[in-house]
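I have placed the structure first, in the form of C-alpha cells, so that the comments after it can refer back to it.
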Amino acid sequence: MTTDTTGTAARDGEARRGGPADSPFVRACRREPGPHTPVWFMRQAGRSLPEYREIRANVPMLESCRRPELVTEITLQPVRRHGVDAAILFSDIVVPVAAAGIDLDIVPGTGPVVAEPVRTAADVERINPIGRDDVSYVDEAVRLLVAEMGDTPLIGFAGAPFTLASYLVEGGPSRTHAKTKALMYGDPELWHALCTRLADVTLAFLRVQVDAGVSAVQLFDSWAGALSEADYRRYVQPHSAYVLAGLADAGVPRIHFGVGTAELLGAMGEAGADVVGVDWRTPLDVATRRIGPDKAVQGNLDPAVLLAPWPVVEAAVRRILDEGRAAPGHVFNLGHGVLPETDPEVLTRVVALVHELSARPTA
C-alpha cells in the first residue's frame, strides 16, 4: 500500500485511544465533543480521482464491487489523498438487490438498469432473502479494510427501500418516478409488500457490514425528496424505520440521507437514525430546528461550489461550519456526491480547512 502522508498517519498526534469508536467522526455522530469537526465526502471513493479511473479501467461497476482487494484499494484512495476522517465502503446501492436475484446491470452514463421491472406480486416474489454467503465479497472487503485502516472509521451503506423500489419499478433511473408513484398510489398492498421485501434485504446487507467491523452505516434514500411529507410518512417511513430499528443494537451510529428532503427532515429524523444528512438546499441551522436537538447532522456543501475559485469555496466552508454549530453534532460533508470533474486538490484543501477552522483544545 502507498504510504499515507495526508490521512490517518498525518493525524497520529491526535488522541485516538479508543480506536475508530473514539474518532472525531464517531464522536460527532454521537453528539460528543472532539478535536475538530470531522469531514468526509459522499462518493469520495472514486469519481474525481485519477488513480480510481486507472484502477477501474475496463472493469465493469458491478464486477468491481465484487472484488474485495479492488474494493479495499478504492476505498482507501481518498483517505490517503485527502486525509478525510472516515472512509465509505466502495460499493453500489443495487449490489444487495443483484445478490437477491434481480437481473440488473450498472450501465456507464446511465446507472442501474433492471432487465425485468417489478410490476406484480410474482415479481416481488423473485426478490430472494440474502445472507452473508450471498455477499461474501462485501464481508471480506470490510474485514480487509478494518485491518488496514487502524483508527480511521469505515462507513458501511445501503440503499433505503423506497429508492431501491424506485429503481426496480422504473427499470432504471427516473426524473419523475411516475411508475413508482403509480404503483404506490394504485396498489398500496403490492407497494408495501415490495418495500417489506427490500427492507429485509437492506437490513441483512447492513448487518453483514456491521458484523464484519464497520464503525457506522448510512442509509441512502436518494429519491425520497420526490414525495410529500404525508406520502413519505405513509409509504416510506415505516420501511426505513424497520431497517434502522433493526440496527439499534448494533453499537454503531446510523446516518440517514436523502436529496431534496427539506420538508421531510423531521420525518426522516423520526425514522430512527442518529445522524440526518442534509442536502445543500437547507442551511444546517434550519435543518437542526426541523430535525430536533437529539440528532447530529451531516452536510452540506453544494458539490458544484467545489468547481468555483478557492475564495468562493473557502467562504462556503466557513458558512457551513458556522451553521453546523447549531447542531449537537456536525459531520462536514457535501450535500450530495462529489462531481466527477472536481479537482481532487480542492477536496484535500477543504479537509485541511475544516480541520483548521474547527480545531478545539483537547484535555
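These numbers were taken from a predicted model, which means no experiment stands behind them. The figures that follow rest on heavy atoms only: side chains count, while hydrogens, waters and symmetry mates do not.
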Task: Verdict with reasoning, Ile93 to Tyr167, per side-chain contact (heavy atoms from CB on, under 4.5 Å) - done: CA-CA 10 Å; Ile93 64 170; Tyr167 277 116; 3.6 Å; yes

TODO: For Asp139 and Ser136, test the side chains for any donor-to-acceptor distance below 3.5 angstrom and give the result as yes or no.
DONE: no

TODO: Please name all residues satisfying ring-ring contact (aromatic ring centres under 6.0 Å, His included) with Tyr232, sequence neighbours left out, ordered by chain then number.
DONE: none

Would you tabulate the side-chain donor-acceptor contacts of residues 201-212 under 3.5 Å, counting partners in other chains and residues two or more places apart, or write 'none'?
from, atom 1, to, atom 2, distance (Å)
Thr202, OG1, Gly159, O, 3.2
Thr202, OG1, Leu198, O, 2.9
Arg207, NH2, Gly246, O, 3.0
Arg207, NH2, Asp249, OD1, 2.2
Arg207, NH2, Asp249, OD2, 3.4
Gln209, OE1, Phe157, N, 2.9
Gln209, NE2, Phe157, O, 3.0
Gln209, NE2, Phe205, O, 3.3

Task: Listed once per pair and sorted, the salt bridge (charged side-chain N to carboxylate O under 4.0 Å, His left out) pairs that draw on residues 332-353, sequence neighbours left out - done: none

Open item on the list: List the residues meeting side chain to side chain donor-acceptor pair (under 3.5 Å) with Arg319, not counting sequence neighbours, and say none if there are none.
Closed with: Glu323

Open item on the list: Quick check against the 3.5 Å criterion: does Arg27 have a side-chain atom that pairs as donor or acceptor with the backbone of Pro33?
Closed with: yes

Open item on the list: Ignoring hydrogens and geometry beyond distance, is a side-chain donor-acceptor pair present between Arg360 and Thr37 at under 3.5 Å?
Closed with: yes

TODO: Name all residues meeting the ring-ring contact (aromatic ring centres under 6.0 Å, His included) criterion together with His256; count only those two or more places apart in sequence or in a different chain, and write none if there are none.
DONE: none

Task: Within-4.5 Å side-chain heavy-atom neighbours: Arg81 and Thr348 - done: yes

Open item on the list: So which atom in Leu265 and which in Gly277 form the shortest heavy-atom distance, rounded to 0.1 Å?
Closed with: CD2-O, 4.2 Å

- [ ] Would you confirm whether Asn333, through its side chain, and Met42, through its main-chain N or O, come within 3.5 Å as a donor-acceptor pair?
- [x] yes

Task: His336 side chain vs Leu301 backbone, donor-acceptor pair below 3.5 Å - done: no

Open item on the list: Starting from Leu307 and following side-chain heavy-atom contacts under 4.5 Å between hydrophobic residues (I, L, V, M, F, W, Y), which residues can be reached?
Closed with: Leu339

Open item on the list: Looking at every non-hydrogen atom in both residues, tell me the closest pair between His330 and Ile320 and how far apart they are.
Closed with: CE1-O, 3.9 Å

TODO: Could I get the full list of side chain to side chain donor-acceptor pair (under 3.5 Å) partners for Asp200, not counting sequence neighbours?
DONE: Tyr242

Open item on the list: With heavy-atom distances below 4.5 Å as the criterion, would you say the side chains of Leu194 and Val169 are in contact?
Closed with: yes

Open item on the list: For a quick check under 3.5 Å, do Ser48 and Thr342 share a side-chain donor-acceptor pair by atom type?
Closed with: no

Open item on the list: If the condition is side chain to side chain donor-acceptor pair (under 3.5 Å), which residues does Tyr52 pass it with, not counting sequence neighbours?
Closed with: Arg56

Open item on the list: Suppose the criterion is salt bridge (charged side-chain N to carboxylate O under 4.0 Å, His left out): which pairs have a residue in residues 270-289, not counting sequence neighbours?
Closed with: Arg233-Glu270, Arg254-Asp274, Asp279-Arg281

TODO: Check for a donor-acceptor pair, side chain of Arg66 on one end and backbone N or O of Tyr137 on the other, with a separation under 3.5 Å.
DONE: no

TODO: State, to 0.1 Å, how close Ala316 and Val305 come at their nearest heavy-atom pair, and which atoms those are.
DONE: CB-CG1, 3.9 Å

Open item on the list: Could you tell me if the side chain of Gln218 sits less than 4.5 Å from the side chain of Phe257, heavy atoms only?
Closed with: yes

Task: Summary of salt bridge (charged side-chain N to carboxylate O under 4.0 Å, His left out) pairs that have at least one residue in residues 176-194, sequence neighbours excluded - done: none

Task: For the student: nearest non-hydrogen atoms of Ala141 and Thr72, plus distance - done: O-OG1, 3.8 Å

Task: Partners meeting side chain to side chain donor-acceptor pair (under 3.5 Å) with Gln44 (sequence neighbours left out) - done: none

Task: His177 and Trp223 aromatic ring geometry - parallel, tilted or perpendicular at 30°/60° bounds - done: tilted

Open item on the list: Considering only residues two or more places apart or on different chains, which pairs with a residue in residues 296-318 satisfy salt bridge (charged side-chain N to carboxylate O under 4.0 Å, His left out)?
Closed with: Glu314-Arg318

Open item on the list: Within the structure provided, determine whether Asp123 and Leu168 are in side-chain contact (heavy-atom separation under 4.5 Å).
Closed with: no

Open item on the list: Using a 3.5 Å distance criterion without hydrogens, assess whether the side chain of Glu51 forms a donor-acceptor pair with backbone atoms of Pro78.
Closed with: no

Task: Val252 and Leu247, any side-chain heavy atoms less than 4.5 Å apart - done: no

- [ ] Describe, in one word, how the ring planes of Phe25 and Trp40 are oriented to each other, choosing from parallel (under 30°), tilted (30 to 60°) and perpendicular (over 60°).
- [x] perpendicular

